[in-house]
Amino acid sequence: MRIWSIAGAAFLLGSAPAATAQVPYERLVEADAEPESWLTYSGNYASHRFSQLDQINDGNVGDLRVVWAYQMDDGLIETTPIVADGVMYVTEPPSTVTALDARTGRRLWKWTPQMGSDVLHIGFPEVNRGVAILDSTLYVGTLDAHLVALDARSGAVRWDVEVADNAIGFSLTLAPLALDGKIIVGVSGAEAGVRGFIDAYDPETGELLWRTYTIPAPGEFGSDTWGGNSWETGGGSTWLTGSYDPELDLLYWPIGNPAPDWNGDLRPGDNLYTDCLLALDPDTGEIVWWFQFTPHDTHDWDANQIQVLVDAEWEGEPRKLVVTANRNAFYYVLDRETGEFLHGQEYSKQTWAEGLDENGRPIVIPGTDPTEEGNLVWPSLQGAANWFSPSYSPITRLFYQPTRIMGAIYYKAEVEYEPGQPYYGGGEQALRGEEAGGAVKALDVLTGELQWEFPLQTPPWAGVMATAGNLVFGGSEEGNIFALNAETGEPLWNFQAGGAVRSGPMSYEIDGQQRIVNSAGGTMFVFGLPTNGGRQ
Amino acid sequence: MRIAKTTWPLSLLLPLLLLAAPATAQEPGGAAIEIDDPERAERLYRAHCGRCHGVQGLGGEGPELAQLVLPRVADQTQLEGIIRDGIAGTGMPGARATILDDEAVALVATYVLWLGAQTTADASGVTGDAGRGHDLYWAADCASCHIVAGRGTAVGPELTIIGLRRGAEYLREALRAPAARLPVSRTGLRSGFFEYLPMRIVTRDGDIYNGMRMNEDSFTIQMMTLSGAFVSLRKSDIAEMEKRVGHSLMPLTQDLGDDDVEDLVAYLTTLGRGS
């Protein structure tokens with residue numbers, strides 16, 4: 001039996017608990033070897049969001065019931081908890097970190113940053129997507145653009161650094177990524193015209209180890225893709241957690257939209273590295289390769305989607321791949337050693353490109369840019385995909401993508417940059433009525449071909465998780481937390497939670513019992529099978 | 001000048017606003033909403049509100065604002081408070097003094113109310129006799145499906161203040177071609193759904209239900225039958241489900257003459273305004 005309460009541990013040891021490491025880097029690399037835990041935002045460095053637990057499976061999922069629930073502070077819940085050694089670490093809106101007994105849901109501690117009432121968050125709500133854990137420390141980004149290290153046992157602050165100036169629109173909403181001796185974070189703020197970057201910090205001290213800007217300065221490679229001084233306010237935020245390949249020692253980080261969003265006249269050129277995937281050397285921050293999904297984007301189609309690392313045979317040869325379903329409605333397969341484009345195709349309704357050329361560059365249909373009068377284009381500014389997580393099952397070899405099927409009328413407008421003010425250059429009016437919808441789509445991971453889809457009434461904001469129990473868990477805007485058969489898409493279980501689901505499901509095991517976690521409205525629900533339902 | 005009021009799409013109206021200084025529109029009580037600097041108001045609205053609420057105020061990630069009655073707003077002061085402070089537990093942020101000062105908040109609030117006022121009915125073009133329309137409405141048993149001032153049955157939309165919400169042109173169309181424009185819900189867990197959508201459902205057991213959808217998710221559907229009974233169904237129990245988009249449960253009004261329709265329109269436009 002594990003005892004993790006502070007008082008209990010001190011009693012057993014007869015003194016204050018020693019500051020022994022809980023989750024060293026080696027455990028993060030080998031996360032797949034301990035499916036009872038959930039150690040990173042996406043479950044493993046490859047960002048599969050896949051659980052190898054199969055106690056809950058396609059034969060018994062219909063018996064699933066709530067074991068405990070936790071009611072959060074007011075706000076939208078877009079977080080994925082981490083579970084390590086019997087404790088769940090979860091963030092609450094806007095930037096609070098809470099430790100819960102993973103068995104009972106009872107709170108162990110709660111830390112809330114002191115933020116002024118004038119914190120900016122332009123273009124996104126007050127959300128936080130989770131923490132990173134390394135050794136005995138948790139790392140959280142805050143809405144006022146700080147990175148804070150917390151003692152995992154107590155929530156005490158070990159250090160607190162300002163990553164960037166919130167007064168000009170920088171925020172941190174993503175779950176940081178812990179590597180060997182580094183904490184990697186990105187920033188939000190393109191809608192305020194920031195110049196985006198990716199940072200690495202020393203886990204012990206908070207010292208900045210390197211910073212890589214996503215918009216090149218004059219003289220740097222790619223600076224000729226920006227007209228005039230537009231690079232200074234070019235956006236390219238880095239607001240979603242990247243992926244990591246320990247063998248190649250490459251860090252994969254998706255980059256957001258150029259600024260201003262909808263008026264491309266103000267930034268002629270391809271606008272590197274906006275809407276790109278960057279592969280970086282984690283020791284130096286050097287860009288090893290890049291691939292741009294949407295050159296000169298005028299629809300706010302950030303590439304901030306989860307980048308999924310897959311090893312597979314490609315044309316007869318084993319190959320290391322990175323795959324992603326982009327906000328622009330195309331699915332991409334790239335070689336993750338070189339960035340070479342291997343395959344891409346439409347996976348959701350789009351009306352802006354005829355397709356992709358042999359290098360993966362979109363063949364843009366003329367007349368699809370925003371106009372002053374308004375121009376109807378699929379997908380909407382929120383894209384076919386967004387930050388909410390896909391899942392990859394190494395068993396079914398399917399890529400599960402919650403998909404938004406929605407068009408919008410895009411408008412262009414004049415705009416002048418003002419620090420700390422919205423820098424959009426236009427707007428959008430999403431289509432009304434039931435012309436919009438959604439689906440969980442199961443795509444062949446190598447071809448992007450649709451294998452099955454489960455329809456959703458409303459374009460979703462919830463991630464999915466596949467499991468070794470032949471299940472895919474997901475959620476809907478209508479409040480359903482559900483499970484589908486991973487091979488066929490057949491719905492097997494549904495819980496009406498009474499509030500929109502906007503987070504990513506995860507799974508862990510405690511006392512030999514598998515748990516499924518998802519949130520809806522203001523509440524996080526933890527589900528299990530009834531064999532353990534009455535005994536927490 | 002007074003801006004010509006119109007029905008959807010509002011996009012046709014917004015360019016006009018740019019030419020108008022000041023712009024005015026009718027608010028529910030009948031007073032004019034005047035925007036001192038409509039161009040700046042529109043720019044501020046688009047920059048700070050349009051991303052979630054839509055450039056036209058028709059909703060998106062946030063709810064529709066171009067409606068006569070905003071659920072949390074009794075007056076402009078309350079609306080300014082919401083714009084300034086946000087709404088806890090939702091995606092609605094506060095504007096904060098650093099990003100919008102009090103003057104700008106007030107201007108945006110006025111613009112939002114103006115957007116709503118654009119949906120207010122244009123009573124011009126009414127040629128019928130409201131008194132005769134009143135008699136016809138109650139004689140024709142419209143109350144078997146609509147509630148006015150607490151009287152009637154709620155199968156179709158409540159009409160108590162329909163005269164504020166809808167203009168003569170819309171009402172005329174609603175009587176002659178009621179399926180042309182079903183209202184769209186922008187609230188909570190059924191955002192984006194057509195309201196009053198007729199449906200026909202056959203269950204695996206052979207039961208047949210005709211009625212109107214009340215709500216739906218991926219697993220269940222809730223409907224009201226033509227007799228007003230509530231039915232809850234699991235989709236796994238349904239053999240056939242027909243969503244009759246392009247249809248309405250409104251009875252055909254072909255037997256009504258043009259004069260009758262005009263009289264009904266005249267009566268309906270008085271509802272909420274007083275006659």
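Every chain is numbered from 1, with letters handed out A, B, ... down the list of sequences.
- A ring-centre distance under 6.0 Å is found for Phe527(A) and Trp493(A).
- At a 4.5 Å heavy-atom cutoff, Asp73(A) makes no contact with chain B through either its backbone or its side chain.
- For Pro455(A), the part lying under 4.5 angstrom from a heavy atom of chain B is the backbone only.
- With a 4.5 angstrom heavy-atom cutoff, Glu372(A) does not touch chain B via any of its atoms.
- Ranked by heavy-atom pairs shorter than 4.5 Å toward chain B, the options Gly427(A), Pro125(A), Gly75(A) are led by Gly75(A).
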Where do Phe525(A) and Ile481(A) land on the side chain to side chain contact (heavy atoms under 4.5 Å, CB included) test, with the steps shown first? CA-CA 9 Å; Phe525(A) 297 91; Ile481(A) 296 175; 4.1 Å; yes

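- Within the 4.5 Å cutoff, the side chain of Phe170(A) has no heavy atoms near those of the Ser188(A) side chain.
- Using a cut-off of 4.0 Å between Lys/Arg side-chain N and Asp/Glu carboxylate O, Arg327(A) and Asp302(A) are scored as salt-bridged.
- When side chains are defined from C-beta on, Thr403(A) does not count as touching Val440(A), because their heavy atoms never get closer than 4.5 Å.
- Taking the ring centre of Phe219(B) as origin, the terminal cationic atom of Arg234(B) falls outside the region bounded by 6.0 Å and 45° from the ring axis.
- In this structure, no portion of Glu414(A) lies under 4.5 Å from any heavy atom of chain B.
- With a 4.5 angstrom heavy-atom cutoff, Ile77(A) does not touch chain B via any of its atoms.
- Heavy atoms closer than 4.5 Å to chain B are found in the side chain of Trp262(A), but not in its backbone.
- Note that the CG atom of Asn263(A) and the OH atom of Tyr423(A) stand 8.0 Å from one another [nearest 0.5 Å].
- The greatest number of non-hydrogen atom pairs below 4.5 Å with chain B, out of Asp300(A), Val415(A), Ile122(A), is found for Asp300(A).
- Proximity to chain B (any heavy atom under 4.5 Å) is restricted, for Phe454(A), to the side chain, taken from C-beta onward.
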